[in-house]
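What follows is a single structure, written as structure tokens, with notes after it.
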Amino acid sequence: QVHLVESGGGLVQAGGSLRLSCAASGSIFSIAAMGWYRQAPGKQRELVARISSAGRINYASSVKGRFTISRDNAKNTVYLQMNSLTPEDTAVYYCTYSDLYWGQGTQVTVSS
């Protein structure tokens with residue numbers, strides 16, 4: 001069983017920045033892929049960014065050049081630095097570990 005604790009969400013004005021963190025704990029016996037998804041009201045959940053155990057990174061086209069995903073394997077933690085935020089980034093952001101375990105989600109709201 002893996003537990004994920006997310007932090008860093010909140011309210012920010014357009015053009016601002018936020019940094020999300022997600023720490024995994026519990027049955028951590030190997031390095032696994034970690035990532036971030038988001039879901040806005042009335043829309044499907046979508047991949048925001050993902051980093052594999054080998055360091056391969058995928059971004060949604062809408063966030064390329066604005067968001068950066070990174071990880072600290074010693075801390076079993078993944079980060080998402082979000083810059084130049086727009087109202088279209090407003091959503092609940094979910095952290096995932098190994099594509100099997102999920103955090104409870106953290107709300108990101110960007111005002112115009």
Distance check, rounded to the nearest 0.5 Å: S21 atom OG versus Q81 atom CD?
9.5 Å
Identify, with sequence neighbours excluded, every residue that meets side-chain contact (heavy atoms from CB on, under 4.5 Å) alongside S53.
I31
Can you tell if the side chain of V2 reaches within under 4.5 Å of the side chain of N76, non-hydrogen atoms only?
no
Side chain S98, main chain L100, donor-acceptor under 3.5 Å:
no
Looking at every non-hydrogen atom in both residues, tell me the closest pair between E46 and R38 and how far apart they are.
OE2-NE, 2.7 Å
How are the rings of W102 and Y94 set to each other: parallel, tilted or perpendicular (split at 30° and 60°)?
perpendicular
Short side-chain to backbone donor-acceptor contact, S27 and Q1, under 3.5 Å:
yes
N/O donor-acceptor pair under 3.5 Å between T109 side chain and T90 backbone
no
dist E6:CD -> Q107:CD (nearest 0.5 Å) comes out at 12.0 Å
Test F67 against L18 for side chain to side chain contact (heavy atoms under 4.5 Å, CB included), laying out the working first.
CA-CA 10 Å; F67 291 10; L18 287 172; over 6 Å; no
Connected via hydrophobic side-chain network under 4.5 Å: L80 and V92:
no
Minimum heavy-atom separation for A24 to L4, with atom names?
CB-CD2, 3.5 Å
Between the SG atom in C95 and the OH atom in Y79, the distance rounded to the nearest 0.5 Å is 11.5 Å
Minimal non-hydrogen separation, W36 against L47, with atom names:
O-CD1, 3.7 Å
Please check if V63 and L85 belong to a single hydrophobic cluster, counting links between Ile, Leu, Val, Met, Phe, Trp and Tyr side chain heavy atoms closer than 4.5 Å.
yes
Working to the nearest 0.5 angstrom, can you tell me the gap between M82 CE and R66 CZ?
9.5 Å
Any chain of hydrophobic side-chain contacts (each under 4.5 Å) joining Y93 to I69?
yes
Of the non-hydrogen atoms in S17 and S84, which two are nearest, and what is the gap between them?
OG-N, 4.3 Å
For R50, run the side chain to side chain contact (heavy atoms under 4.5 Å, CB included) check against T96, I57, D99, V78 and tell me which one passes.
D99
Quick one about R71 and N73 (side-chain donor to acceptor, distance below 3.5 Å, no hydrogens or angles considered), yes or no?
yes
So how far is it from C22 SG to Y97 OH, rounded to the nearest 0.5 Å?
11.0 Å
For A14 and P87, the nearest pair of non-hydrogen atoms, with its separation, is CB-CD, 4.2 Å
S70 side, atom OG; M34 side, atom CE - distance, nearest 0.5 Å:
11.0 Å
